[in-house]
Structures are given as C-alpha cells and as structure tokens.
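See structure below.
A note on names: the letters A, B, ... follow the listed sequences, proteins ahead of strands, and every chain is numbered from 1.
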Amino acid sequence: MKTLYISDIENRIGEEVELFGWVYRQREHGGVVFVVLRDSTGIVQISIHKNNVNPDSFNNAQKVTIESSVRVKGKVIEDSRAPTGLEIRCSEFEILSLSEKFPIQEGAGKEFLLDVRHLALRSIRLTEIMKIKELIIQGARKYLQKNDWHEVFPPIITSAACEGGTTLFSIDYYGREAYLSQSAQLYLETAIYSLEKVYSLTPSFRAEKSKTRRHLSEYQHLELEAAWMDADDIMKVEEELVAAMCREVSEYKNLEKFGRKKEEMILNLPLERIKYDEAIQIIQSKGIDIEWGDDFGYEEEKVLTNEFEEPFFVYNYPMEAKVFYMKQNPDGKTYACADLLAPKGFGEIIGGSQREDDLKALERRMEIEGIDKSRYKWYLDLRRYGSVVHSGFGLGIERLLMWICNLEHIRDACLYPRTITRLEP
RNA sequence: GCCGCCAUAGCUCAGUUAGGUAGAGCAUCCGGCUGUUAACCGGACGGUCGUCGGUUCAAAUCCGGCUGGCGGCGCCA
C-alpha cells in the first residue's frame, strides 16, 4: 500500500523516499529526463540523470508515456528550477502500467473533454474543484451537527410533483408512472413533526430543457426544514450555513487559482437583506423596464447582483412569482419567502420560505393555482394534526460551488454533469 | 418551446466574404540535445472538408433538406 503522498515530501527534504503516482509530463533532454509525477495531493518533478541510475530505470523514464502509473525512488531536494521548488533526484524508476497514448492534450476543446470526462477528471483543475466541493459539504455538515439538525433520507422515487411548473423525469415503477424527485421539501415537512429540525442532501432532477451555464438536469440539493421557525429565523440559518460552508473553503491552499482570496470566504454576517420592492427599484434605476409583480429574468438578476460584493437576500416576493406552499404575508400580496443571490451574475443559490401552516389558506392557494388537492392529501394532513409554524429552504451545491470557484459553467462543478444532451459517460 | 451560431487531419483551428489542385500548430514516428517548465531543433506521417441533394466547366466555399453539437432566453437551485 502507498503510504507517502506528494504533499508529504516537503517534510522529508534530504531523505530517500518512494512515491507512487501517474506521469503528468515527460521531457527528454539528452542525458537527463524530467518526469512530473501526479497524485491526489499534487505534483512533483522527478529528474532522472543517465549517469546516476541503472540503465533500466533510465530507459523506463525515456519511454514512459503520459498517465502511465509508476513507482519512483529518490532523494528529496530543494531546487528552484523545479516547478514546485522541490524535486526528486531519481535512483529507481519503474513503470507499473505503460499508458496507451492519452487522448487529452493541451488545447483540447470543451466538447471533447466532456466526451472523455472519465479521463479529464485527472486534471489538476477538476481535482481541486472536487476537493472544494467536498469542503463545502463538510462545512455544512459540521454546522448542522453542531446546531442539532437531524439528517434524514427522503425518497428519490416519488409519485407527484413537489412544485408546480417544473418538468419531471418519469420512470416506470412496476407499471405505474413515477417521477424522480425534484425536491425533498414536502417529505422534509412531514419529518419536522418528530425530528423538528431536519435536513437532507440528495440529488434533485429537473427535466427543464434549459441550456444555460447555470442549469443541470441532476444536481446536489441540500434542503433544510424546521418547526417553530418563521421567515426571519430561517434566513438566519441560511446565512450561518452558507458562512460555515465558505469558512471551510477559506482554508483551502490554492484558492487564488480560482481568483478568490481567503478573506472573501469569510462572510460578514448578517448578510444584506433587501425587500423585493427595493430590488425592483434598483433594477428600474438601471434603466430596465420591469414592473412590480414580475419575477426577475436573467438580465434583471445580473444587473441586481452586480450591485453586491457578497451573497444577499431578496425577500417578500409577490405571490404571482412564487409557489403555493409559501406563507402569505399580512399584506395579502407577498409571500414570507427569501432567495439568497450570489453576486456578479452567479444568481440564485438558495430559495426558501416560511410554509403555509393553515389548512384553509393552503387549500385556497391550491384552488387559485389550479392544483389537484387529492394528490396532496398527505401534505394537507400535516395541517390537520398539530400544525406548526415552520420554514425551510433548498440550496444548490453546484450553484454555490460555481460562485466560490468562479466557474464559467456549472458542469465543471460535477464529476459527470448531466445536461440535456449529455448522458455519457 | 424560442433566437443565434457551428461541423475541415488524432486534437485546436485557418481557408468560406469574392467558387479554380487541402493548410498551420500540437500529437504520433525517426534523429539530436545533461536543467527542462505546455522544453527546444531537424525530418517524416497524417484528410470521402458532418450527411444527402441542387447550381456550375469547376464546390470545403453558393443554395436547400437532414443529422449532431454549442451559446443565449424562458424556467429554476
């Protein structure tokens, strides 16, 4: 078993070490061969001098191909000429598996890289993005555990829509039509009557034929739901959670590669909160034609989010722009809901609200929006048996990661992005 | 669903405006080089120009259909 990783060798200067990894680059220069070795922790240059190794090792280093797996022995030395300032002076170079010609080379196009995603995942950039994705989830779990949230595991196979308009993927369920879940929310609502504060991290599926850089057909959805919390309470949870996720990322050593500074990942709480009414005014002041009651399109959202440096809330949206299960405000026109928007056009990261806990009011909303109540019997039951003020929200992990890593396209936030046309590999 | 764009060597692309014998860089192969950093230098190899049809003496280039894809909007997290 491998025991030493490339990131460990900075503590082993002057020592003879053995490393296992993959060939990232190979350059031959007459009597010296340079191999850059890659593993999960980073890269290091190996120099193989003809006169310092046995002929087999030198021959191996000469013929080794990109992405071959290798075993290397040598002394760790500091050398400013090496890409990372550290280098292994090789004494043994063994090829474990000689790679066939690796299909990916510098300058490969986006489409081609997606076709060979199983190989493209070896890139340093994607490796780092996956590590940061893991960090934000770790940050979330730490926060949730510390604050006594219970993790639950709702079904992915469901019988009905959770939200009105969005399109569902249907599957054959023993001869009946079933759907892949697009949100765990309604199931989480059922769990708060026993566990009070619950969350789930599940894939959600949207069959929207969306071809934008912010959309996936399958994404990681972190959803929270809590009894005894109103719209203000849940906004506080939202910002604390996002701050905890960002704080975890702030320790990542290569953040500057993504154009981020450590300080930017320490959010200043409370985050700014603006009413929908104010948001409309800001957008109108930029010369865009929008009226009260309209939801923001992408152009409007971009103009608005460019006014901010950190994520911020927009709350109290008009009812016509949102969904039936939200709690109506006393003004009779808006919902007690809030979205968390990332700055600089990255857009909506969280959508949340207080939920309607009054049976009559909920039924009225469903009638107005033309929703078949019989399909939501169990959901309505929750309002018959000890109804309680409660709130919740959903966070798109890839959307947050996209903002944190300044990604141009959300597909880079996934191992295997699922988009309209992309099902393989 | 709507709007716009693209398809030429293994990869990235030029050539299309104005029709006239298919180009470059990288990769691959061969040779050279003991400090390279996407190494460099020399040579070789590499193509039914997505597909079907039309116009023309002549089509990668002009016109039409089809297929595949990209970007954006709507919708959303």
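Nucleotides B:C26 and B:U67 have their C1' atoms positioned 30 Å apart, rounded to a whole Å. Going from the P atom of B:C63 to that of B:U56 covers 16 Å, rounded to whole Å. Comparing the same atom, C1', in B:A27 and in B:G4 gives a spacing of 34 Å after rounding to whole Å. Look at the P atom in both B:U61 and B:U55: the space between them is 15 Å, to the nearest Å. For the P atom pair drawn from B:C57 and B:G42, the interatomic distance equals 47 Å after rounding to whole Å. With C1' as the reference atom, B:U17 and B:C62 are 12 Å apart, rounded to whole Å. For the C1' atoms, the distance linking B:G15 with B:A9 amounts to 14 Å, nearest Å. Comparing B:A58 with B:A18, their C1' atoms sit 16 Å apart, to the nearest whole Å.
Checking B:G35, B:C26, B:C70 against the side-chain heavy atoms of A:Q105 singles out B:C26 as nearest. The side chain of A:T421 approaches B:G69 more closely than any other nucleotide in the set B:C75, B:G69, B:U28. Distance from the side chain of A:H409 is smallest for B:G71 among the nucleotides B:G71, B:A77, B:C33. With B:U12, B:U36, B:C73 as the candidates, the nucleotide lying closest to the side chain of A:E87 is B:U36. When distances run from any side-chain atom of A:F34 to the nucleotides B:A77, B:C11, B:G35, the shortest one goes to B:G35. Counting only heavy atoms from C-beta on, A:R81 has its side chain closest to B:U36 among B:U36, B:C26, B:G69. Comparing B:G71, B:U36, B:C75 by their nearest atom to the side chain of A:T212 picks out B:C75. When distances run from any side-chain atom of A:K211 to the nucleotides B:C75, B:G72, B:G35, the shortest one goes to B:G72. Considering only side-chain atoms of A:R411, the nucleotide from B:A38, B:C11, B:C70 that sits closest is B:C70.
A:I349 comes within 4.0 angstrom of sugar-phosphate atoms only, judged by non-hydrogen atoms across all strands, and of no base. At the heavy-atom level, A:R422 lies nowhere under 4.0 Å from the strands shown. A:E28 comes within 4.0 angstrom of a nucleotide base, judged by non-hydrogen atoms across all strands. Here A:G297 lies in heavy-atom contact (under 4.0 Å) with sugar-phosphate atoms only. Using a 4.0 Å heavy-atom cutoff across all strands shown, A:L216 reaches at least one base atom of the nucleic acid. Within 4.0 Å (heavy atoms only), A:K209 reaches at least one base atom of the nucleic acid. Nucleic acid contact for A:D295: sugar-phosphate only, since backbone atoms but no base atoms lie under 4.0 Å from a heavy atom of the residue.
When the side-chain nitrogen and oxygen atoms of A:R214 are compared with OP1 and OP2 of B:C73, one or more of them lie within a distance under 4.0 Å. Contact check, A:S47 against B:U36: no side-chain N or O comes under 4.0 Å of OP1 or OP2. For A:H215, no side-chain nitrogen or oxygen approaches OP1 or OP2 of B:G74 to under 4.0 Å.
Between A:E301 and A:S80, the one whose closest nucleotide on RNA chain B sits nearer the 5' end is A:S80. Taking for each of A:G351 and A:G30 the nucleotide of RNA chain B with the nearest heavy atom, the 5'-most of the two is the partner of A:G30.
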Quick one: side chains of residues 291-304 of chain A, donor-acceptor pairs under 3.5 Å with protein atoms, not counting sequence neighbours, listed by atom name and distance.
unit_1: A:D294; atom_1: OD2; unit_2: A:E291; atom_2: N; d: 3.1
unit_1: A:Y298; atom_1: OH; unit_2: A:G345; atom_2: O; d: 3.4
unit_1: A:E300; atom_1: OE1; unit_2: A:G297; atom_2: N; d: 2.5

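If you check distances only, the side chain of A:E106 never reaches the base of B:G25 with a donor-acceptor pair under 3.5 Å. For A:S210 and B:C75, a side-chain-to-base donor-acceptor distance below 3.5 Å is present, hydrogens and geometry of angles not being considered. Contact annotation: side chain of A:Q45 to base of B:U36, donor-acceptor pair present below 3.5 Å.
Separating the OH atom of A:Y298 from the P atom of B:C2 is a distance of 23 Å, rounded to the nearest angstrom. One can place CG of A:L114 at 12 Å from P of B:U12, the figure rounded to the nearest angstrom. Whole-Å rounding puts the A:K63 NZ to B:G31 P distance at 15 Å. Rounded to whole Å, the distance from CD1 on A:I420 to P on B:G72 is 12 Å. Following rounding to the nearest Å, A:E223 (CD) and B:C76 (P) show an atom-to-atom distance of 16 Å. Atom P of nucleotide B:U36 and atom NE2 of A:H49 are separated by 11 Å, given to the nearest angstrom. The distance from atom CD1 of A:I410 to atom P of B:A77 is 12 Å, rounded to the nearest whole Å. Straight-line distance from the CZ atom of A:F346 to the P atom of B:C76: 21 Å, rounded to whole Å.
Looking at A:K275 and A:D277, no side-chain N of the basic residue comes within less than 4.0 Å of a carboxylate O on the acidic one, giving no salt bridge. Salt-bridge check for A:E356 with A:R364: failed, with every basic side-chain N at 4.0 Å or more from each acidic carboxylate O. Salt bridge absent: A:K73 and A:E94 never bring a charged side-chain N and a carboxylate O closer than 4.0 Å.
Cation-pi geometry between A:K322 and A:Y335 is not met at under 6.0 angstrom from the ring centre and within 45 degrees of the axis.
Partner A:H390 forms a side chain to side chain contact (heavy atoms under 4.5 Å, CB included) with one of A:E196, A:K327, A:K197, A:E225 and no other, that one being A:E225. The only option from A:R247, A:E248, A:Q138, A:E240 that meets the side chain to side chain donor-acceptor pair (under 3.5 Å) definition with A:Y143 turns out to be A:E240. Partner of A:V36 under the side chain to side chain contact (heavy atoms under 4.5 Å, CB included) criterion, out of A:I43, A:V23, A:I66: A:I43 alone.
Within residues 5-27 of chain A, the residues that place at least one heavy atom under 4.0 Å from RNA chain B are, in residue-number order, A:R25, A:R27.
B:U17: no Watson-Crick or G-U partner with both key distances under 3.5 Å is found in any strand. The partner of B:C5 is B:G69, judged by Watson-Crick or G-U wobble contacts that both fall below 3.5 Å. Applying the Watson-Crick and G-U wobble criteria (two distances, each under 3.5 Å), B:C29 pairs with B:G43.
With sequence neighbours excluded, the residues satisfying side chain to side chain donor-acceptor pair (under 3.5 Å) with A:K344 are A:E309.
Centre separation under 5.5 Å together with a plane angle under 30° holds for the ring of A:Y219 and the six-membered base ring of B:A77, marking them as stacked.
Between A:E238 and A:I350, the closest heavy-atom pair is OE1-CG2, 3.3 Å. In plain terms, the two heavy atoms of A:S99 and A:E67 that are nearest each other are CB-C, 3.6 Å.
Residues A:Y252 and A:F258 keep their aromatic ring centres 6.0 Å or farther apart.
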